Each structure stands twice: as structure tokens, then as C-alpha cells.
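First the proteins, then the strands, lettered A, B, ... as listed; each starts at 1. None of the values given here were measured: they were computed from a predicted structure.
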Amino acid sequence: MTVRVRIAPSPTGNLHIGTARTAVFNWLYARHYNGKFILRIEDTDKARSRPEYTENIKSGLTWLGLTWDEGPFFQTQRLDKYQQAIKTLLDGGLAYFCYCTPEELDQMREEQKAKGLAPRYDNRHRNLTAEAKANFEAEGRKPVIRFKIDDDREIVWQDSVRGTVVWQGSDLGGDMVIARAGDSSEVGQPLYNLAVVVDDMDMDITHVIRGEDHIANTAKQILLYEAFGAKVPTFAHTPLILNQEGKKLSKRDGVTSIDDFRKMGFLPQALANYMTLLGWTPPDSTEEIFTLAEAAEKFDLDRVNKAGAKFDWAKLDWINSQYLHKMSATELIELLVPYWEQAGYEVDLENNRDWWESLTTMIIPNLTRLADVVKETRLLVAESVEYTPEAVEFMQQEGVKEVIEQVIAAISEAPLLEEADGKTIIKNVTKSLKVKKGLVMRSLRAGLTGEMHGPDLIQSWLLLHQKGWDKQRLEKALSLLNQG
RNA sequence: GGUGCUGUGGACAAAUUGGUAAAGUCACCUGUCUUUCACGCAGGAAAUUGCGGGUUCAAGUCCCGUCAGCACUGCCA
């Protein structure tokens, strides 16, 4: 039997980290068993679904490397199948029309709560007489369609993550709505649980891997499978991703869409790697950096955790930095350019590719997120320089002025061609002024970059020199000192 | 209120059928390297496995009780 799994997001928002993680697990499972990974867009909620969200979901999955083998299928294009299924249930006496208004249902639940009872539908319209129906129709009420759920029924399934799960029919909230009230006399739009089951049957889904917030839905859906006489797929409920407070990660937690992570400068491989670790551990649990393909070789549901996993930015950052540090300047530079440009710096790769690559090579170990590149290089990519109070204070120390003067003199005589030239100048200045090398180095750093910390000084200097900016910066520093 | 799930160092977590000193990773601290920051490397601190009983020669692993957190409880998905 070929494994067939799916990711079934609803296009009511951008691709969410929780959905993406579910997609990762499904993708890994499909790849591990050489199965198919299917994308299905659940857009039956017309009021909230938007085409741009569908596009965002598709591009997000693609960016992460979670390519799908079939689809995307759209539920709104399969409405006839749901109507047919609903009709089958209606004809079989397994579903019926319910004429309750939303207000009536609200009131009913309020009363139940007031009595300390669990809110649920009391199945009041399950056995309506033809006359009662006619009366409701005459009132102009539009019915929903409810699927009968036997209170005495016990639903049991073997969950690949959680083991045997038992659910009592009476805990499912009464007969469930499978179709909205229609605008006219025809049957209304299908609801989630119905559409999912019809699709999963139709698409021969063998394993349903989804978040544990769907557990109650699974019980309901199993009943539907049985009503249709279909084979029930294997279910696996994964732990949720939690925020800092231990609650389900939601849009309210700020950055939760994959798009946001991308913009912040996380690499897709790193994000996918981290999501894989959220609730799953490889059998050889010591190595934590791996590609999706490598994870797929080892992935299985039996090592998926049951407890929710808190999202940890520090760990994501570390994983991202690991990927970044392993990249070459050549491949990295393409990813970096947008960040420079967005910050207002002009990147002329056509003419100065070598310069930009040297710069990139130098700051790679300082990068955690791609966006960091602006902060790490802003002192080198702009002609102007600003001196921090710390740098000014340092330069006012005795001897700094002389160092800078001598360095200016040195570079005026001969250009800096390579690192060795810079080292020679530093050595000579150190000797002639009889000061410590550290003073020379730090004077240079302050004068050239305006800061006391940063990437390798001599390489930075070389880069500035190639732009012709080193001398003017040192002169600016000098004039600053002369002003007092 | 009801139902379900979960509970191992700050975070992610490992630990074959109960059996060595409760892995590893991140974060943290120290050292090392460096002009500096970062990276790398080396080391360190950090858990009476939610709590209380019980079974056993032996329990994170089994049993009972208890507490806490979370999820679900829609004509959303």
C-alpha cells in the first residue's frame, strides 16, 4: 500500500509555523515511505478565504522545500462531491435537517452552562415530524444538516503517536452540523469535518498526521468514515508548538507566519531543521543539524513526542547560524543583497563583485540571521562614518593622534595592496612611536570604523582602502581630535 | 462545567522488555584564540525525573491518589 498523506491548510491567513510544522512531518513521512504528499486547500469558509493566502501558503511551502506530489486541490471546486455525500447520509437516515436558529442554540448553551452542564446540541430536531418541518419552513427558516452521533457509541482508534485513544460519543457535543444553512431551498455549504472526510476518502489518504487540537474531530470523522462504509485511515496527532507562556502559538504571538521568518533572515533549511526538532528526535539523538532529506531517512511517527514543545528563538538562531557559517560567500551574497538594498545601500555586484565577496567572507562568522548583515557591515558599505562616544573617548587618549597621523602618512606614500602591507604599516608605526601594538590597532579601528568592536581590522581596512575611504576617514577622525 | 492530553536541569529532549554515575543540543558561566566583537576549541555549573503513597532486591520507567498546565467543547478550519 502506498503511503498517501496530505497537508490541508485553509487560506484564511499566511502560512503559519504550526501548519508548516505539520507539513514537515507529513512530508518527512511521505518521503520516508516513498509515498505521496498532497496539498489540499480547504477554502469552504468563503467569508474568510482569500486567494492571496493560497499563494502565500504555496510559496511558503515551496520556499521550505516541502514540495507536493499532487494538488493543490481546492475544496470549493469539489462542492458537488460534498453535496452527493450529504445526500447519501440524508437518504440513509444518518443525517437530518435542523431548523434551530443560532440564537436558539446560544440560548440553549447558556442554559446548560448555567446548570453546570457541558454545552452541547440536545438533538432536539433529530426526529421532527413532517408537520413541524413544514411549520419551520413556513417561518422561512433555513435548516442546517446534522449528522447523527450516537451518545452510547464508543470510538476507538490506534493513534501512531498517542497509542489507543478512546472517545465517548456523548462527549462529542451532540449531532454535528455538516452543512451550513443554505441561502435558498438547496443544501448549504459543507463544513470542515464532512469535507475533510470526503476528500480524504476520495484522495485515498492513508495517514492523517495533524496537530493534537484535532483529536475530537478525529472521533467525529471516524463516525463519518463508517457511515460511508469507507476504510478509516491511520491517525497521528502531533504535539502543539507552544509560546513562551506554554500556550498554543497563535498569531497573537507576533512572528508566526513563515513569511515573517523569511524576512527576518532565517534560511529555509534552518527553519525546516528546527521545525523537525519540535516534537521529534532522530534515533541517534545527538546530531541536531540535518537536512530534510536526511531527516526523512530516519523519520517515523513512533519517535514523535506527546508533550507540546515551546518555541525557542535562541535555538532557532543557533541552527540558522550553523547553516550560515557553512555557506560560501558566493552563495550567501545573493541572499544578502536584498537586505543591503532595503537598508538603502547600493550594491554594485557587476563592477565590484570581488569587493562584496571579500566583505561577505569576512562577516560570515558574525551572522546569525541574514538581516544582521546590515548591522555588521554598515560601517564599511557607506562612505560616511559616525563616531560612537566610546570611540571618541578612546581616540582622545594620549598617542592616538600621532598613530593616526603616521598611518595617514604611510598610506599616502604607498597603496595598500594586501593584508601584509597593512601589517607592515602597523609594525612600523608601533616601532617609531614606541607604543603597544594594541594601541595602534585600536586607534585604527576607532578612526576607520568609528566603533571599538567589529570584524577583522586589517581586512576591514583593506576593504575601505579599496574604496578609497580609509584616508578620508582617518582625516576626519583627526580633525575631530583637533577640534578638541 | 465537561472531555481529552501532557508533566525529566531555564529551553528542546534521550533513556531496549523496570537494572550501571538520568545522554546529547541550545542558553548560561569560565578558560583559550583575537586589537575588539563574533566564530572555533576546551571546561564548568545546572534535575532528589510535578507532588504523595505503594509494588519490587531494584522505578523516570508498573499501580493508586493528588496537583498543575494545555487542548477541545462553532452554521471556523
Side-chain angles (χ1 to χ4, degrees), chain A residues 8-13 19 42-45 47-49 75 98 100-102 105-106 109 112-121 142-146 162 165-168 170-174 176-182 188-189 191-193 195-196 210-217 219 237 239-240 242 244-248 274 277-289 303 305-319 321 325 363-368 372 376 426 436-446 449 451-458:
Chain A
S10 66
T12 53
T19 309
E42 311 217 320
D43 53 355
T44 53
D45 186 347
R48 294 195 300 147
S49 296
Q75 291 191 323
C98 165
C100 294
T101 63
L105 294 174
D106 282 346
R109 293 193 182 101
Q112 287 164 337
K113 276 186 189 173
K115 288 183 203 162
L117 297 170
R120 57 163 288 166
Y121 177 61
K142 306 297 182 203
V144 299
I145 296 168
R146 287 184 185 269
R162 324 191 86 82
V165 179
V166 182
W167 212 279
Q168 212 59 44
S170 53
D171 294 327
L172 255 21
M176 67 168 171
V177 181
I178 54 174
R180 293 181 172 86
Q189 301 300 317
L191 248 22
Y192 171 73
N193 278 307
V196 165
R210 63 191 2 172
E212 76 164 291
D213 48 347
H214 279 289
I215 285 200
N217 284 329
H237 292 91
L240 265 21
L242 277 21
Q244 218 60 28
E245 290 77 48
K247 299 193 177 173
K248 184 166 87 167
Y274 181 57
L277 250 15
L278 244 27
W280 178 73
T281 321
D284 48 358
S285 59
T286 53
E287 182 54 63
E288 298 196 322
I289 301 293
R303 289 190 69 88
N305 241 53
K306 289 197 272 285
K310 273 188 193 165
F311 188 89
D312 183 12
W313 285 99
K315 185 124 186 185
L316 207 213
D317 273 337
W318 176 76
I319 290 177
S321 72
H325 298 171
I363 49 91
I364 281 178
N366 293 59
L367 296 182
T368 295
D372 295 342
E376 295 295 336
I426 289 168
K436 287 186 177 171
K437 187 179 156 202
L439 179 79
V440 178
M441 297 292 272
R442 280 183 289 165
S443 300
L444 259 181
R445 177 178 293 287
T449 70
E451 294 207 353
M452 295 310 295
H453 306 291
D456 186 89
L457 178 59
I458 297 182

What nucleic acid atoms does [X] come within less than 4.0 Å of, heavy atoms only: base, sugar-phosphate, or nothing?
{"X": "A:Leu316", "result": "nothing"}
{"X": "A:Cys100", "result": "base"}
{"X": "A:Val177", "result": "sugar-phosphate"}
{"X": "A:Leu191", "result": "sugar-phosphate"}
{"X": "A:Lys436", "result": "nothing"}
{"X": "A:Gly173", "result": "nothing"}
{"X": "A:Gly211", "result": "nothing"}
{"X": "A:Asn366", "result": "base"}

When the [atom1] atoms of [N] and [M] are considered, how many whole Å apart are they?
{"N": "B:rU20", "M": "B:rG1", "atom1": "P", "result": "43 Å"}
{"N": "B:rA46", "M": "B:rA11", "atom1": "C1'", "result": "13 Å"}
{"N": "B:rG2", "M": "B:rU61", "atom1": "C1'", "result": "31 Å"}
{"N": "B:rG9", "M": "B:rG44", "atom1": "C1'", "result": "14 Å"}
{"N": "B:rG50", "M": "B:rA45", "atom1": "P", "result": "24 Å"}
{"N": "B:rA27", "M": "B:rA21", "atom1": "P", "result": "30 Å"}
{"N": "B:rU55", "M": "B:rC12", "atom1": "P", "result": "34 Å"}
{"N": "B:rU49", "M": "B:rC33", "atom1": "C1'", "result": "39 Å"}

Scanning all shown strands, the Watson-Crick or wobble mate of B:rU73 with both distances under 3.5 Å is B:rG1
B:rA42 -> Watson-Crick or G-U wobble partner, both distances under 3.5 Å, gives B:rU30
Proximity to the side chain of [X] - top-ranked nucleotide from [options]:
{"X": "A:Lys248", "options": "B:rA71, B:rA11, B:rG24", "value": "B:rA71"}
{"X": "A:Pro119", "options": "B:rU35, B:rC72, B:rG1", "value": "B:rG1"}
{"X": "A:Pro365", "options": "B:rA38, B:rU25, B:rA14", "value": "B:rA38"}
{"X": "A:Glu212", "options": "B:rC12, B:rA14, B:rC5", "value": "B:rC5"}
{"X": "A:Ala307", "options": "B:rU35, B:rG7, B:rC75", "value": "B:rG7"}
{"X": "A:Lys306", "options": "B:rA13, B:rU35, B:rU6", "value": "B:rU6"}
{"X": "A:Asp213", "options": "B:rC75, B:rC12, B:rC72", "value": "B:rC72"}
{"X": "A:Asn217", "options": "B:rA14, B:rC75, B:rA77", "value": "B:rA77"}
{"X": "A:Glu288", "options": "B:rU25, B:rC72, B:rC76", "value": "B:rU25"}
{"X": "A:Ala314", "options": "B:rA13, B:rC37, B:rA27", "value": "B:rA27"}

Nearest whole Å is fine: how far is [N] [atom2] from [X] [atom1]?
{"X": "A:Leu439", "N": "B:rU35", "atom1": "CG", "atom2": "P", "answer": "14 Å"}
{"X": "A:Asp456", "N": "B:rA38", "atom1": "CG", "atom2": "P", "answer": "15 Å"}
{"X": "A:Ile364", "N": "B:rC37", "atom1": "CD1", "atom2": "C1'", "answer": "17 Å"}

Would you please confirm or rule out a distance under 4.0 Å between OP1 or OP2 of [N] and any side-chain N or O of [X]?
{"X": "A:Lys247", "N": "B:rC70", "answer": "yes"}
{"X": "A:Arg120", "N": "B:rU3", "answer": "no"}
{"X": "A:Thr44", "N": "B:rA77", "answer": "yes"}
{"X": "A:Arg180", "N": "B:rA77", "answer": "yes"}
{"X": "A:Thr281", "N": "B:rA14", "answer": "yes"}
{"X": "A:Arg109", "N": "B:rC75", "answer": "yes"}
{"X": "A:Asn305", "N": "B:rU6", "answer": "no"}
{"X": "A:Arg303", "N": "B:rA15", "answer": "yes"}

Answer yes or no: are there more than 12 heavy-atom neighbours, outside A:Gln168 itself, under 6.0 Å from its atom CD? yes
Yes or no on salt bridge (Lys or Arg N to Asp or Glu O under 4.0 Å) for A:Glu245 and A:Lys310, after CA distance, side-chain angles and deciding distance?
CA-CA 8 Å; A:Glu245 290 77 48; A:Lys310 273 188 193 165; over 6 Å; no
Restricting to non-hydrogen atoms, name the atom on [X] and the atom on [Y] that form the minimum distance, rounded to 0.1 Å.
{"X": "A:Leu105", "Y": "A:Cys100", "answer": "CD2-CB, 3.7 Å"}
{"X": "A:Thr44", "Y": "A:Gln75", "answer": "CG2-OE1, 3.3 Å"}
{"X": "A:Ser49", "Y": "A:Asp43", "answer": "OG-CA, 3.5 Å"}
{"X": "A:Ala307", "Y": "A:Pro239", "answer": "O-CB, 3.1 Å"}

* Would you check if the side chain of A:Arg162 reaches a backbone N or O of A:Lys306 as a donor-acceptor pair within less than 3.5 Å? => yes
Worksheet item: Counting only N and O atoms by type, is there a donor-acceptor contact under 3.5 Å from the side chain of A:Arg303 to the main-chain atoms of A:Thr281?
Response: yes
When A:Leu367 and A:Gly438 are each assigned the nearest nucleotide of RNA chain B, the 5'-most assignment goes to A:Gly438
When A:Thr12 and A:Phe311 are each assigned the nearest nucleotide of RNA chain B, the 5'-most assignment goes to A:Phe311
Return yes if the base of B:rA23 and the side-chain atoms of A:Ser285 contain a donor-acceptor N/O pair under 3.5 Å, otherwise no.
yes
Report task. Measure distances between side-chain N and O atoms of A:Arg48 and base N and O atoms of B:rC76, and say whether any donor-acceptor pair falls under 3.5 Å. Result -> yes
